[in-house]
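Heads up, the thing below is written out as structure tokens.
Atoms considered below: every heavy atom in the structure, side chains included; atoms not considered: hydrogens, waters and symmetry mates. The model shown is predicted, which means the values in this text are computed figures rather than measured ones. All chains are named by letter (A, B, ...) in the order of the sequence lines, taking the proteins before the strands, and each is independently numbered beginning at 1.
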Amino acid sequence: MQRAIYLIEECNVRPESIFIATFTEKAAKELVTRITNELANRNITANINEMYIGTFHSLCLRMLKEHLEYTRLRRNYRLMDSFDQQYMVFQNIHRFRSIPEIEIVLPNGGAWKQAETICNFVNNLSEELVSPEELMSDHDPSIASLGRMLQEYRTILTEANLMDFSSIQIEAYRLLCDNEGILNELRSAITHIMVDEYQDTNYIQEQLVFLLAGERKNICVVGDDDQGLYRFRGATIRNILEFPQKFANGECRIIPLVINYRSNSDIVDFYNRWMDTTDGAKFKFRWENFRYEKRIEPHEKSALHSPAVVKLAGVNDEDEWHEKILQFINNLKTSGKLMDYNQIAFLFNSVKHPRVTALARFLEENHINVYSPRSDMFFQRDEIRLALGCLMLMFPFYVQGLENGEYTFLQPEHLTYYRNCIMLANEYLMQPEHTDLLKWIRRRGKDHVSLTDATDYAYCGLMYQMFEFQPFAGILDTDMDVGVVDIRPARNLAKLTQIIGKFEYLHRVDVLSADKYRGKRGIDANTELLFNLYLRLLYDGGITEYEDDSEYAPSGCVSFLTIHQSKGMEFPIVFVDSLTNVPRKTTNDLMMTIEDRYFKRPAFEPYEVTKFFDFWRLYYTAFSRAQDLLILTCNEDKRTPSAYFKEVYDELQSVDSEAFDIREFNFKSVKAVNVKSTYSFTSHITVYETCALQYKFYRELEFMPVRANAMLFGTLVHETIEDVHRAALRHEEQTITEENVNRWFASNYVSLTKTEHTYLAGPQREAALKQVLRYVERQHGDWSAIQQAEVDVSLVKPDYIIEGKVDLIRGEGDTVEIVDFKAERKPDMEKMRDRLERYRRQLHIYAHLVEERTGRKVSKMHLYYTGEDGGVPTITYPYTKSAVEGTLASFDDTVHKIMKKDFRHCADDPKVCAGCDFRFYCRNK
DNA sequence: GCGCGAATAGTTTTT
DNA sequence: CTATTCGCGC
């Protein structure tokens, strides 16, 4: 971070020449915040918007988006998370099963399990840049069929315009390798490359870094070879250990950072000792050359008599262990040493383990809130069980099917879960004060049983109707400032709408219909699909609850983290659990063979010791999170702590011992993170100003809107006009013909209807196309004025960042004009007046940012306003400094209201509520 | 009581 | 995949 500031300030390096890659979004956000704050403090105006800063994945995505036409991707591609990926393979499993000899590599078993295997192979191979062609020509039939599997997978991706996590990086790598022009452009733009946590990079990431660096090789990497935790996704510490060898003698400077400012010296001694304990009853290994020679030194000797590393154990009794932990935390609290529960973190191998969730439940029962978003509690939460139960009750045929045991393929745990949801819902509905919800559900149930045509809603829409009743309305009514645990039900309901919305998207469900489908009524077939397949798989895979990046550790809560999650963080008091764990082998034989033959470099760390290395590094990372007090904790039994910890564990004093004295400690408070949020005009400011409640639901809580197709019209016009501009910018004006516009329009329509999951009626479609053609016509083939399209602009304020995208700048010399487009199906003149005023303010901001960014004066602002009923009116606004100032001030005001989470008021104009899913909730109802 | 093989129980991490 | 337990033979 300091280096980035130093480069910008002292060396006059332009921010847009700096490339910084991190591994997590959170780290990237933190970095942006600190850099912008520091620059602001020193009164340096720099546009960090153009700076390449983010995770490897986000940076690769950015490069791809900027050059989409050079990739296999088309616009509106869909980015899949790992569940989506597996679900996609699952849905296409027949295509994989029909590959000849596939049975050698695919174990028998369910389609879902096989999909998982396929995803694992595909991801691993991709991260190492292994191509399907080379595998297919291998004489080993299992390797050859893996090659065919990979090829089939890639074919599906291309056909459906999809992308997964590992293809992001491959596509970016291909883009740079295959297009010298783009590579050179980037190489000359980027002069300084920095990578954080370099020990966690994998092969393709290393290749990307050196590819971008070119001959200049101006690369600065930071990392700790002892904290490499991501072998399972291809990361290898060889990248950092061998880094110096990639440079000529003396060209690479190594700066060892061995002084530790984080931890008490007892803690530092403890984890140094841990790394030296490589020989014990069950194990013996040596680090040899696989560890950089260093010894971490504490910055000062501990001033305490009391040990700062202790153990806290129950003996063969989980309840006793729980009690002891509770008592310890309560003691801390009553001693006044603990200011906030967030000073305490518990680290685990996994937070999904029943032992961990049991502890969390126990602490919560005893009034200590636990923040543990990755512990897969989503489906266990009351609000989710109740919502699912009520939803099922609206489909009596499905409930009947469950009760009659018709769904024999469901596991007992799923049956139990669904039945419990129904029971919970029934119990709730039987209470007299909830009869209105009961009546409504019964009414829906009857409708669905006797459905003869189709409803005008699907599952997600039904949920929104249900939110009108208690307890859902009450949950939605929660104020945003109540703290993570109290707002959790609202966030979980939002997540549920996202999940169900995605189901409707994936299976093209937009109404419930009585039409026959696979021998059943569509409504019944879809309901079974939703619960018996989709939600069941999600239930098995687990859903992470909302994670708050804006706070280091949420105030008022003890944090439960995986060790992986905790990396890069520090806490005053750290409990390390998971001492039952043992080193485990992670590789499989087939991948080993492929590694030998097809990976671009031979194996690095010896195969027999990697499991020890990984194990030691994992716990080194865990232990070194502690600042003031490190506590090893477990419920001791035969195998806990495991033999690997025995030696270091036995030496520790217990918290009960007299040597340990809590009064000597002074605990630091957790550092404030204060990440700057980024707001954009259209998706934040305008939404908030239109209706703060809509902002709360759609933006803050991220409820999934039930889409109306009104917005499709605008997007369609917009995107096709962008295609026209792109052609002009490539100096291919001759390709801007009616025929091509038709083609661009058609292809945009296809991809948009896929992603937006809605369509435009014929006449509306015609009208949209006509709008584009009319715009083209008006230019009379003269595109010379077009200079630059899609300029990203950002404004860095002390506590937030505004971001926007200008459609088009045109003009010569110092003076430019900016142009924006708005398209709407049926412009309503009364509504428009208010809207146009907003657009004008938006244009003012853009103009201001363009001036700041390009150093060119903006003379005019044009808005093309297009609609179904004809004409392409251009509205031209004057650009004045004083108007900008006024706008900036009101803008600032709005953002601050958003940051204060002031979402209580509602729109003034009842008309804006027409398309809102939360109409019932609104005071304008 | 010891050595040995077989059976059995518990069982992740992430962009 | 590892560690523990069980059964069996000696």
Any base atoms under 4.0 Å from [X], or only sugar-phosphate, or nothing? Heavy atoms, all strands.
X      : result
A:R374 : sugar-phosphate
A:Y644 : sugar-phosphate
A:Y230 : sugar-phosphate

If I take atom [atom1] in residue [X] and atom [atom2] in nucleotide [N], what distance separates them, rounded to the nearest angstrom?
X      : N      : atom1 : atom2 : result
A:M80  : B:dT15 : CE    : C1'   : 14 Å
A:N124 : B:dT13 : CG    : C1'   : 13 Å
A:R233 : B:dT13 : CZ    : C1'   : 9 Å
A:K26  : B:dT14 : NZ    : P     : 13 Å
A:F83  : B:dT14 : CZ    : P     : 18 Å
A:Y620 : B:dT13 : OH    : C1'   : 20 Å
A:E116 : B:dT14 : CD    : C1'   : 14 Å
A:N120 : B:dT13 : CG    : C1'   : 12 Å

Any salt bridge (charged side-chain N to carboxylate O under 4.0 Å, His left out) pairs touching residues 160-175 of chain A, not counting sequence neighbours?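 Those involving residues 160-175 of chain A are A:R72-A:E171.
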Side chain of [X] - closest among [options]:
X      : options               : value
A:H57  : C:dA3, B:dT15, B:dT14 : B:dT15
A:H564 : C:dT2, B:dT13, B:dT15 : B:dT13
A:T562 : B:dT15, B:dT14, C:dA3 : B:dT14

List for me each residue that meets ring pair (Phe, Tyr, Trp, His ring centres under 6.0 Å) alongside [X], sequence neighbours excluded, and say none if there are none.
X      : result
A:F346 : A:F560, A:F575
A:Y173 : none
A:H414 : A:Y539

Under the side chain to side chain donor-acceptor pair (under 3.5 Å) test, residues paired with A:E152 that sit two or more places apart: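 A:R95.
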If you count heavy atoms of other groups shown closer than 6.0 angstrom to OH of A:Y70, is the number above 12?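 For A:Y70, atom OH is not crowded (no more than 12 foreign heavy atoms under 6.0 Å).
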The single option from A:D577, A:N635, A:T633 passing side chain to side chain donor-acceptor pair (under 3.5 Å) against A:W321: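 Only one of A:D577, A:N635, A:T633 forms a side chain to side chain donor-acceptor pair (under 3.5 Å) with A:W321, namely A:T633.
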For nucleotides 7-12 of chain B, give me one character per nucleotide, 5' to 3': B if any protein heavy atom sits under 4.0 Å from the base, S if the only such contacts are to the sugar-phosphate, - if neither. ----BS
